[in-house]
Each structure stands twice: as structure tokens, then as C-alpha cells.
Student: 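What follows is a single structure, and I will ask about it in a moment.
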Amino acid sequence: MDLFDAIANRASVRAYAPADVSEEDLRQIVDAGRRAPSGANRQPLQFIAIAKRETLDALAAVQEAFASASAAVGIVADPNASRWWLEDASAAAQNMLLAITALGYASVWVEGTLLKREGEAKDLLGVPAEKRLVILLPIGKAPQPTPQADKKPLDEVMFREKYGLR
Ligand SMILES: Cc1cc2nc3c(=O)[nH]c(=O)nc-3n(C[C@H](O)[C@H](O)[C@H](O)COP(=O)(O)O)c2cc1C
């Protein structure tokens with residue numbers, strides 16, 4: 001899929017039809033995360049690829065989406081390794097969301113609901129206490145075409161040369 005199609009087609013999907021997510025696809029998705037920009041190139045991130053049903057079912061305690069997901073990726077950050085760990089995790093998440101879309105799957109950025117149950121999710125995934133489990137991305141097939149949430153029109157958010165000039 002062309003990059004601009006992936007950007008336009010990416011949408012938050014929170015319930016999935018079963019998908020056969022191959023090892024090659026999972027590696028390609030995580031590779032897209034690994035290649036994201038990183039402040040001072042500190043690369044404070046690690047990624048957990050999840051494909052076991054029992055782990056996905058347990059993650060449903062964080063958000064129901066995982067119950068129907070066929071795979072997932074967790075982004076782990078070391079806050080002691082970079083002051084930009086959150087920005088880095090965000091850049092990696094977006095790269096992976098675009099890769100997931102380009103490969104024909106669907107996902108959603110799970111961070112808000114994870115924040116409330118991070119300790120539980122870290123225990124489940126064996127993440128060391130000193131690291132953060134920042135974002136989880138479930139992976140599945142969209143059961144039906146899902147449009148991206150409405151965005152403000154381009155001409156409303158885009159200025160020319162100076163703030164306020166159109
Ligand atoms: C920082 C951040 C945290 C988010 N946390 C969650 C979350 O915990 N659960 C969820 O279902 N969606 C979450 N989302 C997805 C947003 O709700 C979604 O991107 C937004 O509604 C716009 O929809 P779209 O992704 O289809 O454009 C999060 C998105 C971002 C950027």
C-alpha cells in the first residue's frame with residue numbers, strides 16, 4: 001500500500017475478525033517501530049511481539065480489543081536511557097500503525113486504558129520494574145471497512161507563512 005493511502009486508511013478499530021498474522025508480518029511491523037526517529041538516537045525502546053491466545057485474552061483486562069485481536073505489540077521504554085522516551089515511543093507507535101495498515105490489518109493505539117493497569121500488564125508480560133510499558137497495539141482484521149475518525153479540515157488547521165494567515 002502506498003504511504004499516503006496508509007495514512008488516509010489508518011483508523012482506530014477496537015474489535016476484530018480473526019486474522020492469520022504471520023511471523024514475517026509481525027517482524028515487519030516491529031521493524032517499522034525500530035526504524036522510527038529517536039531523540040539523540042538513544043533508542044530507549046524495546047518491543048514485545050505477542051501472539052499467544054492466553055496472553056491476548058489476559059490483556060483484555062486492559063482493553064476489550066485484545067480479546068478479538070490475533071496478535072499485539074507492546075512498546076517498552078527505559079526512561080533512564082533518554083529524556084525523549086515518550087516521544088520515541090509515540091513515533092514508533094505511529095510507524096507501526098502505518099505498517100499494520102499497509103499490511104491489511106487494523107489496530108488501535110492503546111495508552112489511555114493501559115496507564116490505569118500498567119502494573120498488571122507489566123507483570124503479565126514480564127517487563128522489568130524500572131521500565132515503562134507505554135503503548136500496546138492489538139492487531140487483527142477490521143470486520144468491516146472502518147473510516148478514520150473525523151479530522152478538522154486541512155484549511156482550518158493550516159496557515160501560510162505566519163500564524164493566522166491563510
Ligand atoms: C496518546 C493516545 C492514547 C490513546 N489511547 C487509547 C486507548 O487507551 N484506547 C483506545 O481505544 N484508543 C486510544 N487512542 C486512540 C484514539 O482514541 C484515536 O486515535 C482517536 O479517537 C482518533 O481516531 P482515529 O485513530 O480513527 O483517527 C489513543 C490515541 C493516542 C494518540
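In each ligand, atom 1 is the first atom listed, and ligand 1 is the first ligand listed. Just the heavy atoms: all of them, side chains too, but no hydrogens, waters or symmetry mates, feed the values below.
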Student: List for me each residue that meets side chain to side chain donor-acceptor pair (under 3.5 Å) alongside Ser38, sequence neighbours excluded, and say none if there are none.
Tutor: Asp88

Student: Can you list every protein residue that has a heavy atom under 4.0 Å from any atom of ligand 1, sorted by chain and residue number?
Tutor: Arg10, Ala11, Ser12, Arg14, Gln63, Val108, Trp109, Val110, Glu111, Gly112, Thr113, Gln148, Ala149, Lys151

Student: Are the charged groups of Asp31 and Arg27 less than 4.0 angstrom apart, N to O?
Tutor: no

Student: For residues 120-129, which side-chain donor-acceptor pairs fall under 3.5 Å, sequence neighbours excluded?
Tutor:
residue: Glu120; atom: OE1; partner: Arg117; partner atom: NE; Å: 3.1
residue: Glu120; atom: OE1; partner: Arg117; partner atom: NH2; Å: 3.1
residue: Glu120; atom: OE2; partner: Arg117; partner atom: NH2; Å: 3.4
residue: Lys122; atom: NZ; partner: Ala129; partner atom: O; Å: 2.9
residue: Lys122; atom: NZ; partner: Lys131; partner atom: O; Å: 2.6

Student: Got a list of side-chain donor-acceptor pairs under 3.5 Å for residues 150-166, not counting sequence neighbours?
Tutor:
residue: Arg166; atom: NH1; partner: Asp155; partner atom: O; Å: 2.6
residue: Arg166; atom: NH1; partner: Glu156; partner atom: O; Å: 3.2

Student: So, Glu118 and Arg132, do they make that salt bridge, N to O below 4.0 Å?
Tutor: yes

Student: When clusters are formed by joining ILVMFWY residues with side-chain heavy atoms under 4.5 Å apart, either directly or through shared neighbours, do Val76 and Leu137 land in the same one?
Tutor: no

